[in-house]
Amino acid sequence: MSFDGALVRKDFPIFERFIDGAPIVYLDSANTSQKPRQVIDAMTSFMQNSYAPINRSAYRLAGEATDAFEAARSKVARFINARSADEVIFTKNTTESLNLLAYSWGRANLNAGDVVVLTHLEHHANIVPWHMLQAERGIVLRWVPLTADGQLDLTDLTALLTDAKVFSFTAMSNVLGTITPVQQLCDAAHAAGAIAIVDGCQYVPHNVTDVQAWGADFLAFSSHKMCGPSGIGVLWGREQLLDAMPPFLGGGNMIADVRLDGFTTAPLPAKFEAGTPAIIETIGLGAAVDYLSNLGMANVREHEMKLGSYAIRTLTERYGNDISIHGPTDIASRGATLSFAFAGIHPHDLSQVLDQRNVCVRAGHHCAKPLMRLLGVSATARASFYIYNDESDADVLVDALAGASDIFGF
Amino acid sequence: MPGLDDLYREIILDHYRSPRNRGELAPPAVRAEGHNPLCGDEIQVYLDVVDGVVNDIKITGSGCSISLSSASMMSQAVKGKKIADVKALVNRFRSMMGLDIADAESDTDLVSIEDDAEVDVPEVKLGDLEALQGVVKFPVRIKCATLAWITLTQAMAEVPTA
Ligand SMILES: Cc1ncc(COP(=O)(O)O)c(C=O)c1O
């Protein structure tokens, strides 16, 4: 395991591209990440040399493809320290993983009046599926509030969790960068008799993940935010819970037997993987996991803590009160995802001006409208850093912001 | 890439800094609300129509310089105009944004606008609104520029027909 920022950057072909004669300053990895050559090559090579159906055919090529596909599952299992690869279900993305849970676990276990606890940090993907269940079943939603600096306010957690059946929360906010105390939250859920669902979409790509140390019940995350391709995501769950759940989608691959009068389900993980999966993307995710594992997730986190601190420091040194960075100030409790307000300039306009210097940031509500309302804004600009970013990217951001104040005036 | 001068014309910044016709109108004025799902911007248009003429219009909400200045200029442009002329203006603005009027039925960006036979699109004067022409060169901002207009169209549909 080794992490050398300059070498990492060279692994990403996109940074060889120039727009208007200048390189791309990609600060939108919380949205989706760029792809290293290792992932691109693994997918290309699989298509060129090994592509075949999985789990269906007896010839050698199909066997090879199936092995490669299942090897990716084992890599993912090791990456998050799952007890077994059978606990790793491939889905389309985090959104599908969370919908699967609300649909399958939720409809089997939740009825009118049952309590599901969420937090004010959640992405729409961890809100709307529960809203849908609320409309259908009459479940009750409770919300863990935030402190002034954007951390979970756990003062009344015990009361909020009383009689709850589910506590579903993000491990890292896609807006504020806040990292939540996952293990403590899982413990609190269990003490109340609830299951603990972790939205790891932002956390897993940037930190060491250990579902057993957390004591979590379920974890959802997406390949596209961790250097892998889009179209593939993961639902990890404790085997016992997954076994007890009814299937989600019905069709090929998820059955043990089908008769005219019914069906029986296949064992895990196939039970939750109906139809032909995203085979090539799964190979890509496996390569992404290898890539990140080689860098070492502790090194990734260290790199981002340094870079995040540097960006926060330089932005505030240069702009003082004209910039306000939302969320925790201490890098130990946050990732390098910085939402900010700048000189009263609308985020769309900021993003437009930054784009002039090829600085890619997201401007918008970040699919977290309840959180936006809490912050009292309709949108923020967000710069998010990843393994291929370095201090020069932060410097260009700082510099390019001056262009916005030139146009819109302080 | 086209320069930012094309986008952020002085008149646009002026309307952004000092938006005209901000505020609300009490019923019988109608109210319509528009959202830009991309960025979370929201705008409310209050429209008071008397005898087929826009007697008053007010706007509230938040947005970027392009959406707010477009709303401000729109409010100035439609005040005192006959509804038929407002519809022609909407069509004219739409075509300046590169949105085909013929596509109005199928386009979800702008609520469809009946094509009055007598509406002669090129003759409608845009005035200050011409300044928004530069937006076309920045396609992702077209939705910002058209938000107020979609909302105005919705408001017009709310006006009770006498
Ligand atoms: C915290 C969080 N949860 C869920 C999602 C949804 O992920 P996906 O769009 O990959 O399903 C995102 C993506 O932005 C996210 O940041």
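Here is how names work: the chains are called A, B, and so on, in the same order as the sequence lines, proteins then strands, and each is numbered from 1. Values reported hereafter were calculated over all heavy atoms of this structure, with side chains retained and with hydrogens, waters and symmetry mates removed.
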query: Contact part of L7(B) toward chain A, heavy-atom cut-off under 4.5 Å: side chain, backbone, both or neither?
result: side chain

field: Structural part of S65(B) lying under 4.5 Å from a heavy atom of chain A
entry: both

message: How close do Q356(A) and G3(B) get, counting heavy atoms only, and between which atoms?
response: NE2-CA, 3.9 Å

- line: Nearest heavy-atom contact between I407(A) and L4(B) is CD1-CD1, 3.6 Å

field: H346(A) and D41(B): side chain donor to acceptor below 3.5 Å
entry: yes

- request: Just jot down the salt bridge (charged side-chain N to carboxylate O under 4.0 Å, His left out) partners of D85(B), sequence neighbours excluded, or say none.
  value: none

Distance in Å, [X] [atom1] paired with [Y] [atom2], rounded so as to fall on 0.5 Å steps:
X	Y	atom1	atom2	result
C144(B)	D349(A)	SG	CG	8.0 Å
H348(A)	R141(B)	NE2	CZ	6.0 Å
K369(A)	H35(B)	NZ	NE2	6.0 Å
N36(B)	S378(A)	CG	OG	9.5 Å
F408(A)	Y16(B)	CZ	OH	6.5 Å

field: Neighbour count above 12 (heavy atom, 6.0 Å) for K79(B) NZ
entry: yes

field: Heavy atoms from other residues, nucleotides or ligands near CZ of F15(A) exceed 12 (cutoff 6.0 Å)
entry: yes

- line: Turns out that what part of V377(A) lies under 4.5 Å from chain B's heavy atoms comes down to neither

